[in-house]
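The sequence lines fix the lettering, A, B, ..., with proteins before strands; numbering per chain opens at 1.
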There are 2 protein chains.
Amino acid sequence: MSASESFRNRPAGNGPDRGEHLAGLILALARRDGMKAGDRLIEQKLADALDVSRAPIRQGLKALEAAGFARGEPNRGFVLTRSPGTDAARSAIAAVNRAEKSYAAVAADLLARRLPTDVTEAELMRRYALSRTELQRLLDRIAVEGWIARLPGYGWRFSETVLSPEAQTQVAAFRAVIEPAAILQPGYQLASDVIDRLRQRQERILAGELEKMTIGEVYQFGCEFHEEIARGAGNPFFVESLRRVNSIRRLFAYRSFADRNGMRRHIAEHLRLLDVLETGRYAEAAALMTRHLQRPLSIGAA
Amino acid sequence: MSASESFRNRPAGNGPDRGEHLAGLILALARRDGMKAGDRLIEQKLADALDVSRAPIRQGLKALEAAGFARGEPNRGFVLTRSPGTDAARSAIAAVNRAEKSYAAVAADLLARRLPTDVTEAELMRRYALSRTELQRLLDRIAVEGWIARLPGYGWRFSETVLSPEAQTQVAAFRAVIEPAAILQPGYQLASDVIDRLRQRQERILAGELEKMTIGEVYQFGCEFHEEIARGAGNPFFVESLRRVNSIRRLFAYRSFADRNGMRRHIAEHLRLLDVLETGRYAEAAALMTRHLQRPLSIGAA
DNA sequence: GATTGTTCTTTTAGGCAACAATATACAATC
DNA sequence: GATTGTATATTGTTGCCTAAAAGAACAATC
């Protein structure tokens, strides 16, 4: 068998090791649900939560055990051995897979004008050393986010407008319309358990987790917060359009840095917003949201 | 060569015959631009307009000649022989390709609850007799429109909310927010040539073309009108989100019928809107748009 | 000078077969 | 009765190869 032979038919997966990828997802889930060391990791529950079958979950659990975060015993399944909120856990989660890396690379290259607006698949495959399928997945994802589109013939075209320098301002303007309007929709309501959950998470961050979080995580939580608020309108199109612009914002976030003080004020505003929403004063909440969105916080943290 | 041999490596194309497909696109373009019999069909112009190279355009022109809509002379290219607004032209355009048919079939099956929310590619390939690539294109398109998404493992999941019965109301509510807000954006302006073009098209429809148009065309023109208005805000995210919901509306439009009288009033409102926009009275225009969107016109014709 | 006709290269898509990843069904265990 | 362990069926991916579609460049023609 030649050296190159060993690369033939290499496993598909979404990265160097599908198991590790899933380990990260499981850990992230455990973290989000506030699980502690000693809690059981039930395969079917995880599978349902992550929308996969038990097979890949199992691989993830094995990888998690190998990394020292879980322990498995025969016929008893796996148990979390460490709190998923530690530094080590975070670095394990942060072990991004190939797909994510290529995504970031394309975004960076595009923003730095190192890519032409029109590209062919073969060109991209070479440039980022991706298989056809990997590239297809990547392009599909980008297409859904709206900053690339298939040309009728061969090739793809990047959206010029969506990634222009003005895009950030335009996203802000768009959000300033959408988000308050969502709150003002007739029938708007946010279930009290949702409010509680959001409040807890914000408080946990304010209490100390902020320092331990990566910029990506802070950004992620911010987006989820705002999307959850918008969801109260009971109209998926508001949430959808918000997600869409958030995915664009994330592109710019790759190059932004953290402003911890601004974030504190920002999170305080989130909590205030929750208070007002809880009492059903929606007009006031919408006004608050409008003001909140006007603050010129550094990009990665709304 | 065996019988099955002749099907091996059959041309890619987007349907039974790529040439006919392009003939349709060319005809539609000619129609949209109001071309008449005798006008020259310049290859490069068509190629640029349709984002393709001259090669496929050429095939389209030949197909058009074969269908009797154009005549080609050596070293002179092609000339339109009939007005593209006739019934025959329409049926030629309506000769939808396989891709479009599958799209419509999936939409219909889904709306009629004949499809489960979770589906696998293999299942869909069998059901709609599509090759893998054809199916991938179809799924990608649907994913961009936002009513299906890839599952982490095998298979795809249809969005339950986006196609629920309430979706139409929700789209309306969303548009009622987005469209007037777009007009109210600071710096909003609609170039006078854009206004002229829109006005001409609307007047042409009102003058008589309406009777000759299919429901799909009426719908299409309506969408383009509204998107063009939104474009005046100079913010692509407004236009983008509008396009997105319009593609959802189109799904429901497949089952709706025409209401010619309602449409007349509708188009009259469009013209009135253009008048107000032309004079820069944006607040008034936004109010007009709000009212316009509140009219309960039958679905396929906004 | 613009447009068409022609040629040549690049790029993409299809089919096939092997294989890896996933899902599912059922037995074993706590 | 719920959960884990295991076997089996199904699904999706990969690589290679060929053919066709698209793009680009250039000559010919009006």
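- Using a 4.0 Å cut-off, some side-chain N or O of Arg132(B) falls inside it from OP1 or OP2 of dG12(D).
- Nucleotide dA2(D) holds its C1' atom 9 Å from the NZ atom of Lys45(A), rounded to whole Å.
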TODO: Report the C-alpha distance between Asp140(B) and Gln136(B) in whole Å, list the side-chain angles of each, state the deciding distance to 0.1 Å, and finish with yes or no for side-chain hydrogen bond (donor to acceptor under 3.5 Å, both in side chains).
DONE: CA-CA 6 Å; Asp140(B) 291 349; Gln136(B) 276 177 353; over 6 Å; no
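- Whole-Å rounding puts the Tyr154(A) OH to dA24(D) P distance at 14 Å.
- Residue Gln59(B) contributes atom CD, which lies 15 Å from atom C1' of dG5(C) at whole-angstrom precision.
- Arg54(A) comes within 4.0 angstrom of a base, heavy atoms only.
- The interatomic distance linking Leu130(A) (CG) with dG15(D) (C1') rounds to 16 Å, in whole Å.
- Among the heavy atoms of the strands, none lies under 4.0 Å from Gln136(A).
- In this entry the distance linking CG of Leu41(B) with C1' of dA2(C) reads 16 Å, nearest Å.
- Here Ile57(B) lies out of heavy-atom contact (under 4.0 Å) with every strand.
- Listed for the Asp39(A) side chain is a donor-acceptor partner under 3.5 Å among the backbone atoms of Lys36(A).
- Heavy-atom distances to DNA chain D give each of Leu151(A) and Met125(B) a nearest nucleotide, and the one nearer the 5′ end belongs to Met125(B).
- Listed candidates were dT11(C), dT4(D), dT11(D). Nearest to the side chain of Ile42(A) is dT4(D).
- One finds no side-chain N or O of Arg58(A) lying less than 4.0 angstrom from the OP1 or OP2 phosphate oxygen of dT6(D).
- Formation of a donor-acceptor pair under 3.5 Å by the Arg243(B) side chain with backbone atoms of Glu145(B) is not found in this model.
- The CG atom of Leu135(B) sits 13 Å away from the C1' atom of dT11(D) (whole-angstrom rounding).
- Distances shorter than 4.0 Å separate none of the side-chain N or O atoms of Ser53(A) from OP1 or OP2 on dT22(C).
- Taking atom CZ of residue Arg126(B) and atom C1' of nucleotide dT11(D), one finds them 9 Å apart after rounding to whole Å.
- Using a 4.0 Å cut-off between a side-chain N of Lys or Arg and a carboxylate O of Asp or Glu, Arg150(B) and Glu121(B) qualify as a salt bridge.
- Heavy-atom nearest nucleotides on DNA chain C were determined for Arg76(A) and for Pro56(A), and the one closer to the 5' end corresponds to Pro56(A).
- Within the 4.0 Å cut-off from OP1 or OP2 of dG15(D), not a single side-chain nitrogen or oxygen of Ser131(A) is found.
- Toward the 5′ end of DNA chain D lies the nearest nucleotide of Glu121(B), the other residue of the pair Glu121(B) and Asn75(B) mapping further downstream.
- Base engagement by Ala55(A) is indicated by at least one non-hydrogen atom pair under 4.0 Å involving a base atom.
- As a whole-Å value, the separation of Arg137(A) CZ from dG12(D) P is 9 Å.
- In this structure, Arg141(A) is positioned above the aromatic face of Tyr103(A), its NZ or CZ under 6.0 Å from the six-membered ring centre and within 45° of the axis.
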